[in-house]
Asks: 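First the structure, then my questions, so here it is.
All ligand and atom numbering here is 1-based and tracks the order in the structure. The model shown is predicted, which means the values in this text are computed figures rather than measured ones.
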Amino acid sequence: MGILNVTPDSFSDGGQHTAIDDALHHAERMLAEGAAIIDVGGESTRPGATPISPQQELDRVAPVVERLVRELDALVSVDTSAPEVMREVARLGAGMLNDVRSLRREGALQAATCSGLPVCLMHMVGEPGDMQYAPHYDVDIEEAVLTFLDERIAACEAAGLRRSRLILDPGFGFGKTVEHNLRLLNRMDRLQTLGLPLLAGMSRKSMIGKVLERPVEERLAGGLALAALAVERGARILRVHDVGPSVDAVNMTWAVLQEGLEP
Ligand code: 7PJ
């Protein structure tokens, strides 16, 4: 899953892809490099980012989704928590919803259910604005994530959104310390007990910056190491900025994991 930010203030490639043509070219390049999904995001979830209205979000996202669907053979995912945005992008032909708030916004559960689309549910406690303020959990982080996702799956099923449409994400970097993130990755295989596909997003995140003391533009190698580990622990979709190198890292990891399995 290649990341396509259409936010003017995204932390790592801020403002570069705001123009629709630029966005299209960037998506095209990610597909050529082996991406299977393009994840379009119009709301920055960076800690401390200014919230925007659903209409502003739609103004950024809708034209890009429309053109991606029309002009490229891509599965378009939309990173949104707003029910208005979910409805409209489903109408425009998006193929997946990715909600860092796990459909907890008023009306989101219903909008996602009606869309008929697959949905990624992600673990996050609090809101992007306050989540990094002294994150604390009463139980081991992997237990907290497991319990949370299990509850969100139940809420979806109660609303009529079938379990088979769900993808789960531990939410690396969302309301977690570096120690939480490292532990969660190490124990990510615990989430496999829920029996749903797992998605992981660690590309360029501050957990890499903190461990390696690297600025955001020097986190590729660290991110590839994390991608390989995530695949080994059960992740089947990786949300990344650098698609080409990530595809190589994943395919190499996969070759090792498949060794000896074929007759
Ligand atoms: C994630 C996301 C993630 C999912 C962002 C960033 C912050 N969606 N949206 N998982 N992160 N599913 O890319 O650094 O980890 S925005």
Side-chain angles (χ1 to χ4, degrees), residues 1-14 16-17 26 30 35-49 51-52 57 60-61 75-82 85-86 94-105 108 112 117-129 131-132 135 141 145 148-149 152 165-176 178 180-181 184-185 188 191 196-210 214-217 219-220 222-223 226-227 229-230 233 235-243 246:
M1 172 186 271
I3 301 170
L4 188 63
N5 284 318
V6 288
T7 60
D9 61 351
S10 310
F11 79 98
S12 60
D13 54 3
Q16 278 174 37
H17 305 296
H26 187 57
M30 292 194 288
I37 307 172
I38 301 295
D39 189 42
V40 183
E43 184 218 11
S44 176
T45 43
R46 186 182 62 174
I52 57 165
E57 194 183 333
R60 291 178 189 175
V61 164
L75 180 72
V76 179
S77 159
V78 181
D79 194 340
T80 186
S81 299
V85 177
M86 292 177 187
M96 173 175 169
L97 300 173
N98 172 29
D99 184 6
V100 298
R101 294 178 184 80
S102 280
L103 308 179
R104 284 179 295 161
R105 270 219 187 130
L117 297 176
V119 180
C120 180
L121 302 176
M122 194 196 81
H123 174 268
M124 170 171 67
V125 168
E127 276 285 310
M131 67 185 179
Q132 287 308 113
I141 183 69
V145 170
F148 172 93
L149 291 173
R152 294 313 300 155
R165 273 168 55 196
L166 298 173
I167 294 157
L168 305 177
D169 183 339
F172 291 104
F174 286 87
K176 297 167 185 83
V178 183
H180 287 141
N181 288 312
L184 191 52
L185 175 58
M188 193 177 165
L191 300 180
L196 292 172
L198 302 179
L199 186 155
M202 294 177 281
S203 182
R204 300 185 187 172
K205 283 189 179 173
S206 68
M207 62 190 287
I208 305 168
K210 287 188 182 132
R214 299 279 187 213
V216 70
E217 64 279 8
R219 295 179 186 167
L220 175 57
L226 299 179
L229 285 164
R233 305 288 197 270
R236 291 298 175 265
I237 303 174
L238 294 173
R239 185 179 175 279
V240 301
H241 299 88
D242 306 284
V243 172
S246 301

Asks: Counting from 1, what ligand 1 atoms have a heavy atom of Gly201 closer than 4.0 Å?
Replies: 15 (O)
Asks: Kindly identify the option in Glu43, His123, Arg239 whose heavy atom sits closest to atom 1 (C) of ligand 1.
Replies: Arg239
Asks: Considering the heavy atoms of Asp169, write down every atom of ligand 1 situated less than 4.0 Å from one of them.
Replies: 3 (C), 4 (C), 10 (N), 12 (N), 15 (O)
Asks: Under 4.0 Å, heavy-atom basis, I'd like to know which part of Asp79 is in contact with ligand 1: side chain, backbone, both or neither.
Replies: side chain
Asks: Tell me the closest heavy-atom pair linking Phe172 and Gly201, and the distance in Å.
Replies: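 Phe172 and Gly201 have their closest heavy atoms at CB-O, 3.6 Å.
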Asks: Measuring only between side-chain heavy atoms, which start at C-beta, is Arg239 closer than 4.5 Å to Asp169?
Replies: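 Not touching, per the 4.5 Å side-chain cut-off.
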Asks: Test Pro170 against every option in Leu199, Asn181, Leu191, Leu198 by the side chain to side chain contact (heavy atoms under 4.5 Å, CB included) rule and name the one that passes.
Replies: Leu191
Asks: At a non-hydrogen distance cut-off of under 4.0 Å, which region of Lys205 contacts ligand 1 (side chain, backbone, both, or neither)?
Replies: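 Looking at Lys205 and ligand 1, just side chain atoms fall under 4.0 Å.
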Asks: As an exercise, state the distance from CG of Asp39 to NE2 of His241, rounded to the nearest 0.5 Å.
Replies: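 It comes to 10.0 Å.
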Asks: Specify the closest pair of heavy atoms between Ala227 and Leu238, including all atoms of both residues, with the distance to one decimal.
Replies: CB-CD1, 3.6 Å
Asks: Considering only heavy atoms of Val100, which atoms of ligand 1 have at least one such atom less than 4.0 Å away?
Replies: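 Near Val100, meaning under 4.0 Å from one of its heavy atoms, ligand 1 has 2 (C), 8 (N), 9 (N).
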Asks: Looking at non-hydrogen atoms alone, which of Val216, Asn98, Asp39, Leu238 comes nearest to atom 8 (N) of ligand 1?
Replies: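 Of the listed residues, Asn98 has the closest heavy atom.
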Asks: Are any of the side-chain nitrogens in Asp99 or Arg104 under 4.0 Å away from the carboxylate oxygens of its partner?
Replies: no
Asks: At less than 4.0 angstrom from any non-hydrogen atom of Leu199, what atoms of ligand 1 do you find?
Replies: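 Contacts of ligand 1 toward Leu199, numbered from 1: 12 (N).
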Asks: At their closest point, which heavy atom of Ile3 faces which heavy atom of His26, and how far apart are they?
Replies: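 Smallest interatomic distance, heavy atoms only, reads O-NE2, 3.8 Å.
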Asks: For ligand 1, note which part of Met202 has a heavy atom under 4.0 Å away: side chain, backbone, both or neither.
Replies: neither
Asks: Please list, in number order, the atoms of ligand 1 under 4.0 Å from a heavy atom of Met122.
Replies: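 Per the distance check, 3 (C), 4 (C), 10 (N).
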